[in-house]
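Okay, structure first, notes after.
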Amino acid sequence: EAGVTQFPSHSVIEKGQTVTLRCDPISGHDNLYWYRRVMGKEIKFLLHFVKESKQDESGMPNNRFLAERTGGTYSTLKVQPAELEDSGVYFCASSQAKASFYNEQFFGPGTRLTVL
Amino acid sequence: KNEVEQSPQNLTAQEGEFITINCSYSVGISALHWLQQHPGGGIVSLFMLSSGKKKHGRLIATINIQEKHSSLHITASHPRDSAVYICAVLIQGAQKLVFGQGTRLTINP
C-alpha cells in the first residue's frame, strides 16, 4: 500500500511568488493534516481536514495560506504571496476515521520550501 | 515555554551504548507518539502510547501519565539509529499533535 506522498520534494521561490504544495494521503484515510517545521523550531500544526471539510485550521499563520481538499482526496496548500519566514519543511499526514479515540497518523516525506 | 519538552537536544554515543531520550509535557493528552526522522528522510512513527510500555526490537517506550513523562530507550545502539527522535502528544479533545523540538542522536561506530 502506498504511503502519504507529497509534491514537490523541494521548492525554491522568490519572495512575493506563489507556491502550491500537494499531499496525497493514504487511500481511504479521511483525516488529513498539514504541519510545518521552520528552521530551528519544533514542528507545528497548521490544519486538519476530515474528508473535504476543515475541522481545525487554528494553526494557519495568516491569510496568505490557503488549504483545500476538493473531493476529500488529495489536498493542496497554497502560499500567496510567499514571504521569507515561510521557508521550512511542510509535512502532511493522514489517518483513518475509525471510531476510536485516536487514529495513528502516517506522515509524508515533506516538502522543503525555500523563499529567497 | 513549549508544551512538550525533550531532553537532551543532542546526544552522541558509541555503538552498543544504551540510549535514553526523555519527553515531558504540560497538558492533558490522549496519546503520545515517538517519531523518527533520518537525515533527508521523512517522519516514521515508532510508537503510539497512551499508558504503560511498548517494545519493538531494540526500542522501548514508556509513559507515566501521572508524571506527564515518557522515555524512549534504545538498547545495543547502532550507527543506523542515528536520526532525530521526536516526541509528539495528542491534546485531549483535539486531533492535532503538539511536537517537541526533537533529539538529534548520533551513534559512532
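In what follows, every chain begins at residue 1, and chains take the letters A, B, ... in the order their sequences are listed.
With a threshold of 4.5 angstrom between heavy atoms, A:Phe106 does not approach chain B through any atom at all. For a residue to count as touching a neighbouring chain, one of its non-hydrogen atoms must lie under 4.5 Å from one of that chain's; by this rule B:Gln6 does not touch chain A. The contact between A:Arg37 and chain B is made entirely by side chain atoms (from C-beta outward), counting heavy-atom distances below 4.5 Å.
Following chains of ILVMFWY side-chain contacts shorter than 4.5 Å, one can reach B:Val98 starting from B:Leu32, so the two form part of one hydrophobic cluster. Criterion: ILVMFWY side-chain heavy atoms under 4.5 Å apart, direct or through other members. Under it, B:Leu35 and B:Val89 are not part of a common hydrophobic cluster.
For B:Lys68, the NZ atom is densely surrounded, since the number of other residues' heavy atoms within 6.0 Å is greater than 12. Counting heavy-atom neighbours within 6.0 Å of B:Lys53 NZ, excluding the residue itself, gives a total of 12 or less. Other residues, nucleotides and ligands contribute only 12 or fewer heavy atoms inside 6.0 Å of the CD atom of B:Gln9.
With sequence neighbours left out, A:Phe7 forms a ring pair (Phe, Tyr, Trp, His ring centres under 6.0 Å) with no residue at all.
Taking CG of B:Leu97 as the reference point, atom NE2 of A:His48 lies at 10.5 Å (rounded to 0.5 Å).
With respect to chain B, the highest number of heavy-atom pairs below 4.5 Å among A:Val89, A:Val50, A:Ile43 belongs to A:Ile43.
Here the closest non-hydrogen pair linking A:Phe107 and B:Ile43 is CB-O, 3.5 Å. For the residue pair A:Gln105 and B:Ser45, the shortest heavy atom distance occurs at O-CB, 4.5 Å. Residue B:Lys96 comes nearest to A:Ser58 through the heavy atom pair NZ-OG, 3.1 Å, listed as atom of the first residue, atom of the second, then distance.
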Go through B:Val4 and A:Glu42 one step at a time and tell me if the side-chain contact (heavy atoms from CB on, under 4.5 Å) criterion holds. CA-CA 10 Å; B:Val4 181; A:Glu42 67 275 11; over 6 Å; no
Check: residues 14-23 of chain B side-chain donor-acceptor pairs under 3.5 Å, at least two apart:
| residue | atom | partner | partner atom | Å |
| --- | --- | --- | --- | --- |
| B:Gln14 | NE2 | B:Pro109 | O | 3.4 |
| B:Glu17 | OE2 | B:Gln14 | N | 3.1 |
| B:Thr20 | OG1 | B:His73 | ND1 | 2.9 |
| B:Asn22 | OD1 | B:His69 | NE2 | 3.4 |
| B:Asn22 | OD1 | B:Ser71 | OG | 2.9 |

